[in-house]
Amino acid sequence: MTKIYTEKNIDQAAEQLQRGELIAFPTETVFGLGAIANNEEAVKNVYKVKGRPSDNPLIVHIHSKEAWREYIDDISKDRLQLVEQLADKLWPGPLTMVLPVKAGMFNPTVTGGLDTVGLRMPDHPLTLKLIEATGFPLVGPSANLSGKPSPTTVDHVMHDFNGKIAGVLNSAPTRIGVESTVIDLSDPDGIYILRPGYYTKTMIESAVPGIHISSKRKVLGIDETPKAPGMKYRHYSPDLEVIAIERQGIAQEVKQHSAQTTAVAATDAVLSHIDPAYQMFSLGKDATSATHQLFAALRAFDDSSEITTLIIELLPDTEENQAYRNRLLKAASTIKK
Ligand code: TXA
Ligand code: MG
């Protein structure tokens, strides 16, 4: 049985983690599948339970703005200052910093054998307590089966892992709904966004004046280990055909599908033009609510035996919508602009 833990028995959850058990935890972005990062067997189990390819490194979650210092190798003074400022301004929060890892700190199962580690301090008081009580950072990939949409509620976690992990730390649905922005600070030649997330380039640059984030994507050679290995796999896909389409085409597209087998997920203004015979999922009134609800929308019809197609709104190509578009374009089987 997978036990639901609360603030009252958080110490028991920490003991389970110390023993090498897996406990899912809430963050402001999505739920993470936690294991203590210094127990190789426990970390291996995270990959196993998720069905995750082992060359895809895990994010290490820390409980304070300073803890990163213990785990990283020497970097230039300038970089060190930037990391300090980023941690000070944007942690706790949806930013993962990839930094050179100090030798011997984490075994290769955590880092995927890379010489860097992704560190993040999540913005969730219970989870910060859990990490502190455990006494060592926790790895935390999103708590979903590999390839499925990330979980934003305890129910989503239970849907994928009930009976397969020791517990879940209970919490309300996550506040943001897409994962952290992963930035690479380990390359002396430049700072790069490896995975778009809640924080955009503009938000990061305005939080820390003087930081310049390259607008280039890292071009990877065929034989090179991908910089954010997770980005090469198909992701976030529910068991449905997903058609991602920009708002002006939605009503027309819907008419070509049967209401028996098709559901529609869109912002409210778009849904108001759809025949009520179709099952609908509201993405709320704007891009923020749509981003918050995206993964829930992708999972909403998973257990319906009738619905086989989901038509879902593709938000316009702006900087703010990057995380939403990145996730949806990976989930979609068909993209119509
Ligand atoms: O918001 C989040 O980041 C959530 C919550 C639970 O914290 N976690 C999450 O973890 O999304 P995960 O494992 O699903 O995604 C981690 C991403 C992957 O794309 C991975 O390849 C990349 O970060 N990553 C981790 N360590 C890295 C490293 N050392 N170098 C490059 N990329 C790394
Ligand atoms: Mg994930």
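We count ligands from 1, going down the list as the structure has it; atoms in each ligand are counted the same way. Small disclaimer: the values here were computed from a predicted structure and weren't measured. Start at 1 with the first residue, then count along the sequence.
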Visitor: So if I count the atoms of ligand 1 from 1 in the order they appear, which ones are less than 4.0 Å from some heavy atom of Leu114?
Guide: 28 (C), 29 (N), 30 (N)
Visitor: Side chain, backbone, both or neither: which part of His124 has a heavy atom under 4.0 Å from ligand 1?
Guide: neither
Visitor: Hey, is Asp184 touching ligand 1 through its side chain, its backbone, both or neither, going by heavy atoms under 4.0 Å?
Guide: neither
Visitor: Can you tell me if Ser142 has an N, O or S atom under 2.8 Å away from the Mg ion (ligand 2)?
Guide: yes
Visitor: Restricting to non-hydrogen atoms, name the atom on Glu253 and the atom on Lys336 that form the minimum distance, rounded to 0.1 Å.
Guide: OE1-NZ, 2.9 Å
Visitor: Which atoms of ligand 1 have any heavy atom of Pro141 under 4.0 Å away?
Guide: 10 (O), 12 (P), 13 (O), 14 (O)
Visitor: Give me each pair satisfying salt bridge (Lys or Arg N to Asp or Glu O under 4.0 Å) with a member in residues 28-49, each pair once, sequence neighbours excluded.
Guide: Glu28-Arg120, Glu40-Lys44
Visitor: Minimum heavy-atom separation for Ala266 and Ile250, please, with both atom names.
Guide: CB-CD1, 4.4 Å
Visitor: For the residue pair Asp184 and Ser186, confirm or rule out a side-chain donor-acceptor distance under 3.5 Å.
Guide: yes
Visitor: With heavy atoms of Arg52 as the reference, note each atom of ligand 1 found under 4.0 Å away.
Guide: 12 (P), 13 (O), 14 (O)
Visitor: Select one of side chain, backbone, both or neither to describe which atoms of Arg195 lie under 4.0 Å from any atom of ligand 1, heavy atoms only.
Guide: side chain
Visitor: What pairs with Asp286 under side chain to side chain contact (heavy atoms under 4.5 Å, CB included), at least two apart in sequence or on another chain?
Guide: Thr288, Ser289
Visitor: Judged by modelled atom types alone, do Thr96 and Ser180 share a side-chain donor-acceptor pair under 3.5 Å?
Guide: yes
Visitor: Heavy-atom contacts with Thr116 under 4.0 Å: which atoms of ligand 1 show up? List them by number with element.
Guide: 28 (C), 29 (N), 30 (N)
Visitor: Determine the minimum heavy-atom distance between Ser282 and Asp268, stating which atoms define it.
Guide: OG-OD1, 2.6 Å
Visitor: Less than 3.5 Å between some nitrogen or oxygen of His61 and one of ligand 1, yes or no?
Guide: yes
Visitor: Does the ring center of Phe31 lie less than 6.0 Å from the ring center of Phe25?
Guide: no
Visitor: Can you check whether Thr111 has an N/O within less than 3.5 Å of an N/O in ligand 1?
Guide: no
Visitor: Between Ser180, Pro57, Pro53, which one has a non-hydrogen atom sitting closest to atom 24 (N) of ligand 1?
Guide: Pro57
Visitor: Is any NZ, NE, NH1 or NH2 atom of the basic residue among Asp317 and Arg325 found under 4.0 Å from an Asp or Glu carboxylate oxygen of the other?
Guide: yes
Visitor: Could you check whether any heavy atom of Glu28 sits closer than 4.0 Å to an atom of ligand 1, since that is the contact criterion I want to use?
Guide: no
Visitor: Enumerate the atoms of ligand 1 whose separation from the nearest heavy atom of Ile59 is less than 4.0 angstrom.
Guide: 3 (O), 8 (N), 9 (C), 10 (O), 16 (C)
Visitor: Of all the atoms in ligand 1, which lie at a distance below 4.0 Å from a heavy atom belonging to Gly32?
Guide: 6 (C)
Visitor: Give a yes/no on ligand 1: does Pro94 have at least one heavy atom closer than 4.0 angstrom to it?
Guide: no
Visitor: If we ignore angles and hydrogens, is there a donor and acceptor under 3.5 Å between the side chains of Asn144 and His159?
Guide: no
Visitor: Looking at ligand 1, is there an atom of it that comes within less than 4.0 Å of some heavy atom belonging to Gly140?
Guide: yes
Visitor: Is Asp187 close to Tyr192 at the side-chain level, that is, under 4.5 Å between some pair of heavy atoms?
Guide: yes
Visitor: Tell me which part of Val182 gets within contact of ligand 1: side chain, backbone, both or neither, using heavy atoms under 4.0 Å.
Guide: side chain
